[in-house]
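Some notes on the structure that comes next.
Residue numbers start from 1 in every chain, and the chains themselves are labelled A, B, ... in the order their sequence lines are given, proteins ahead of strands. Bear in mind that the values here come from a model prediction, so they are computed numbers and not experimental data. Side chains included, hydrogens not; waters and symmetry mates left out as well; all remaining heavy atoms used.
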2 protein chains.
Amino acid sequence: MPNNQFKKSELYSFITGVASTAIARRLQKKFNQADLNLTIEQWSVLYHLWKEDGISQQDLCKATFRDKPSMTRLVDNLEKAGMVKRIPSKADRRKNMIYLTEQAKEMQDPCYGFAEETVEEALSGVSDDKIEVCKEVLKIVYENLR
Amino acid sequence: MPNNQFKKSELYSFITGVASTAIARRLQKKFNQADLNLTIEQWSVLYHLWKEDGISQQDLCKATFRDKPSMTRLVDNLEKAGMVKRIPSKADRRKNMIYLTEQAKEMQDPCYGFAEETVEEALSGVSDDKIEVCKEVLKIVYENLR
DNA sequence: TTTGGTTAGTTGTTAAAACAACTATATGCC
DNA sequence: GGCATATAGTTGTTTTAACAACTAACCAAA
């Protein structure tokens, strides 16, 4: 029997995600101060499109861990803001392929910088070893619950 | 100069909180299956009231890391659902002290159980040592950004 | 080729999040 | 005491989240 030094249900912050909320808010503020006019949720979509442009809404759902209705509306708003375009797939007419506009492509570098900055601030005083452990655990949690 | 093995901005999951989102959804499902009629956000308020009953909305804001308007509406809904009562403070007439109803007190044990279960599932295969590191890092992040 | 099941995306609804602007009360300084 | 400032809470508004229910298109098997 394992010797638990703590009650697991005491992991309130894990469930409520106060740390990730704090990081997201900080990043949002940086976006606002730079007049980027971009929400964190929109950024999380662009983040994946910057890595691979022209993927379907469903692909974006998997990548961002959001459901289909949420993605429909996120893409709606990104399209309204002129950051992406829906192009119907020729191979599969059910699909919309989502493409970045020039405007959105230009946002990649500044956004990347703000994200870097934010994570640096959040993790100041934390050793790289511990960050690696966290990344590992977060990944396992994600796999366990998927 | 530290030798970083990774780009910190690659910590996408940290910012977007996919792990905590996954845990929260799992817990929400358990609440729904048990017909508890309770959102995770409401649970996060009750969680603190179960530890200390009769605290102000402002105290709950600090504890749950939410802003005042959010708390007003959370308490509105909890009150409508018959789980808490607002009692004006006699010492400071600006304050509402929030008290649990009997109904909400009875929900503590089952909720605690579901939270325990969820965290067990989320962290299965993760050693206690690593969980401790995560708790530590999440706490530092929270402190760094507050 | 038709039928049944699956997948991609949209729409409707309710709760919540974030921000600004507001009221009311309390407190501290002159 | 009176005034400036801070604190507690509410209201209004826009965006997002999650779920269910829906349409349209694809696919595979009879």
Distance test, side-chain N/O of Arg93(B) to OP1/OP2 of dA26(C), below 4.0 Å
yes

Is a side-chain donor or acceptor of Gln42(B) paired with a backbone partner of Asn77(B) at a separation under 3.5 angstrom?
no

Take the protein atom CZ of Phe31(B) and the nucleotide atom P of dA15(C), then report the distance between them rounded to whole Å.
17 Å

From CG of Asn32(A) over to P of dA17(C), roughly how many Å is that when rounded to an integer?
18 Å

Interatomic distance, Met83(B) CE vs dA15(C) C1' [rounded to whole Å]:
12 Å

Not counting sequence neighbours, list each pair that qualifies as a salt bridge (Lys or Arg N to Asp or Glu O under 4.0 Å) and has a residue in residues 28-41 of chain B.
Lys30(B)-Glu117(B), Lys30(B)-Glu121(B)

dA18(C) C1' sits how many Å from Arg26(A) CZ, rounded?
16 Å

Take a 6.0 Å sphere around NZ of Lys85(B) and say whether it holds more than 12 heavy atoms from other residues, nucleotides or ligands.
no

So if I define the base as every atom that isn't primed, P, OP1 or OP2, how would nucleotides 8-18 of chain D read as a B/S/- string at a heavy-atom cutoff under 4.0 Å?
BBBBBB--SSB

Cys111(B): side-chain contact (heavy atoms from CB on, under 4.5 Å) partners, not counting sequence neighbours
Phe31(B), Leu36(B), Leu38(B), Trp43(B), Trp50(B), Met107(B)

How long is the straight-line distance from CG of Leu145(A) back to OG1 of Thr21(B), given to the nearest 0.5 Å?
11.0 Å

Is Thr72(A) reaching over with its side chain to a backbone N or O of Lys68(A), donor-acceptor style, under 3.5 angstrom?
yes

Interatomic distance, Glu79(B) CD vs dA15(C) C1' [rounded to whole Å]
17 Å

